[in-house]
There are 2 protein chains.
Amino acid sequence: MTETPGSRRPGGRTSKTRAAVHAAVRELLVAHDGALPTMADVATASGVHLATLYRRWRTPQTLVLDVAIDDLNDRQPIGASGDLRKDLLAYTVRLADWVASPGGPAFLRTIIAAASSSEAAAGTTLELINRRLDGFQRILDAAGATELTPLDVVDLLLAPVYLRALMSQPLAADGPEPERLVANVLAVLDARRRSETPEPERAER
Amino acid sequence: MTETPGSRRPGGRTSKTRAAVHAAVRELLVAHDGALPTMADVATASGVHLATLYRRWRTPQTLVLDVAIDDLNDRQPIGASGDLRKDLLAYTVRLADWVASPGGPAFLRTIIAAASSSEAAAGTTLELINRRLDGFQRILDAAGATELTPLDVVDLLLAPVYLRALMSQPLAADGPEPERLVANVLAVLDARRRSETPEPERAER
DNA sequence: ACCCTATCGCGAATTCTCTTGCATTAAGCC
DNA sequence: GGCTTAATGCAAGAGAATTCGCGATAGGGT
């Protein structure tokens with residue numbers, strides 16, 4: 001009863017319906033410009049029965065979240081070449097590109113909503129965040145930027161890009177703004193290196 | 001027909017129901033830890049009839065947005081004393097305090113959702129944003145920080161605070177993080193001043 | 001190949017969300 | 001005070017959204 005459907009027999013039929021549903025969700029997200037699709041629409045678009053959708057996913061939110069996680073996992077890992085500016089810029093441009101893509105804002109909003117709704121979904125999003133933080137740590141390590149933490153990168157790069165997308169004013173991936181954000185990171189790094197003399201406190205929680 | 005109820009006779013009864021509804025919404029936000037209240041709950045909690053709620057506000061989102069705007073209008077204007085660090089820090093602390101308060105995340109999420117839903121709500125949020133930008137401009141003008149724009153403040157201060165709150169990991173208003181964020185702003189300002197009036201002797205270590 | 005049962009399709013039942021006329025109250029204006 | 005009508009309360013009801021029981025299908029282990 002409390003068993004999650006699809007986790008015990010992930011084989012042929014189950015994965016097939018899952019794929020059909022995911023395809024339908026992506027299609028609907030594009031068609032409706034990122035609006036949350038209804039269960040009924042997904043059912044007709046995918047050919048999967050309505051009751052099955054409710055049994056496996058409960059809500060449209062978890063449905064979209066499921067698709068979003070798939071997308072995020074498919075993405076290439078962040079490159080850590082040792083060139084801080086280059087790595088961060090590549091990451092920022094890719095991020096800006098993604099959030100501006102059709103369905104991007106919907107994914108973001110869904111993740112946001114999930115982070116504060118069900119317990120399970122919150123755990124999932126936390127896992128996503130941690131994976132992102134690990135990638136940042138690799139970039140910083142490769143560049144020897146020990147004065148910066150992954151959270152700094154979140155504050156200086158990820159947060160602005162996300163917030164603008166959420167406010168319906170995404171920044172252009174091919175514009176000057178990604179470079180400006182990366183320059184901000186470098187400026188902060190530089191400032192911290194300058195004040196190398198007295199280390200008053202370690203700002204971490 | 002297309003008339004917005006409550007705008008033509010804003011007097012005694014109308015304002016009374018409005019106050020009752022607002023109080024109920026705040027109460028429910030606290031009780032449910034920031035979750036979006038249902039129309040039915042607001043109706044019973046406020047004593048205002050369900051049909052009235054639907055007629056005046058249409059959705060729970062616009063309801064919460066209405067309350068949020070009230071709150072934002074009640075806040076004191078941002079002080080522009082000329083001391084950049086002090087002004088920004090005061091603002092950041094106040095902001096962090098607010099988003100961590102009960103209902104704060106719900107307000108944020110609602111504003112986010114509103115920015116991408118109805119036309120009218122999007123206009124309202126845009127107005128809110130612009131008012132905020134004006135405040136930032138005043139702070140920057142008073143401090144003579146012509147190298148920074150209000151958007152920089154959004155990217156460096158507002159975005160991180162908001163995003164953390166949305167990710168259910170609000171930063172503590174009394175912790176070291178507000179100071180770190182403000183320090184980031186000052187670092188960026190410093191870097192831009194250096195690049196515009198290049199000092200010949202840059203002691204590199 | 002066989003068995004066990006997880007998963008699915010189907011349709012009906014149930015529970016919500018939201019709307020709509022109509023009567024009632026009271027705001028604003030003279 | 002009296003008139004007009006905006007705003008509300010009330011109750012019925014249309015329309016979705018969500019759940020449930022049952023039988024059918026097919027996965028995974030033996």
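In what follows, every chain begins at residue 1, and chains take the letters A, B, ... in the order their sequences are listed.
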Within the sub-3.5 Å range, which N or O atoms of nucleotides 1-3 of chain C have a protein N or O partner, and how far apart are they?
none

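- How far CG of L108(A) is from CD1 of I112(A): 6.5 Å, rounded to the nearest 0.5 Å.
- Axis orientation changes by 60° from one end of the helix from dA1(C)-dT30(D) to dC30(C)-dG1(D) to the other, with each end axis drawn from 5 pairs and the value rounded to 10°.
- Rounding to the nearest 0.5 Å places CG of L148(A) at 8.5 Å from CG of L186(A).
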Given salt bridge (charged side-chain N to carboxylate O under 4.0 Å, His left out), test D155(B) with R164(A) step by step and report yes or no. CA-CA 9 Å; D155(B) 288 342; R164(A) 297 243 193 140; 2.9 Å; yes

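- Side-chain nitrogen and oxygen atoms of T17(B) include none within less than 4.0 Å of the OP1 or OP2 phosphate oxygen of dA7(D).
- Near DNA chain C, defined here as any heavy-atom distance below 4.0 Å, the residues from residues 38-54 of chain B are A51(B), Y54(B), listed numerically.
- Under the 3.5 Å distance criterion, the side-chain polar atoms of T62(B) are matched with a main-chain donor or acceptor of W57(B).
- Rounded to an integer number of Å, the gap from R18(A) CZ to dC8(C) P is 11 Å.
- Within 4.0 Å (heavy atoms only), R58(B) reaches sugar-phosphate atoms of the nucleic acid but no base atom.
- Centroid-to-centroid, the aromatic rings of Y162(B) and Y162(A) stay 6.0 Å apart or farther.
- Nucleic acid contact class of R56(B) (heavy atoms, under 4.0 Å, all strands): sugar-phosphate only.
- The nearest pair of heavy atoms linking S81(A) to K86(A) is OG-NZ, 4.0 Å.
- K16(B) has its NZ atom 15 Å from the P atom of dT25(C), to the nearest Å.
- If you take CG on L151(A) and CD on Q137(A), they are separated by 10.0 Å, rounding to the nearest 0.5 Å.
- Atoms CG and CG, on L88(A) and L181(A) in that order, are 10.5 Å from each other to the nearest 0.5 Å.
- In summary, E179(B) and R85(B) do not engage in a salt bridge, as defined by a charged side-chain N under 4.0 Å from a carboxylate O.
- Salt-bridge check for D87(A) with R138(A): failed, with every basic side-chain N at 4.0 Å or more from each acidic carboxylate O.
- A donor-acceptor pair shorter than 3.5 Å cannot be found between the side chains of T14(A) and R56(A).
- Counting to the nearest Å, the P atom of dT18(D) and the CG atom of L63(A) are 12 Å from each other.
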Show me the donor-acceptor pairs within less than 3.5 Å that the side chains of residues 23-32 of chain B make with the rest of the protein, sequence neighbours left out.
residue	atom	partner	partner atom	Å
R26(B)	NH1	D71(B)	OD1	2.4
R26(B)	NH1	D71(B)	OD2	3.4
H32(B)	ND1	L28(B)	O	3.2

Using a 4.0 Å heavy-atom cut-off, write out nucleotides 25-30 of chain D from 5' to 3' as B (base contacted by protein), S (sugar-phosphate only) or - (no contact). BBBS--

Output a table of donor-acceptor pairs, distance under 3.5 Å, between side-chain atoms of residues 95-106 of chain A and any protein atom two or more places apart or on a different chain; print 'none' if there are none.
residue	atom	partner	partner atom	Å
S101(A)	OG	W98(A)	O	2.5

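- Atom CH2 of W57(B) is separated from atom C1' of dT19(C) by 18 Å (rounded to the nearest Å).
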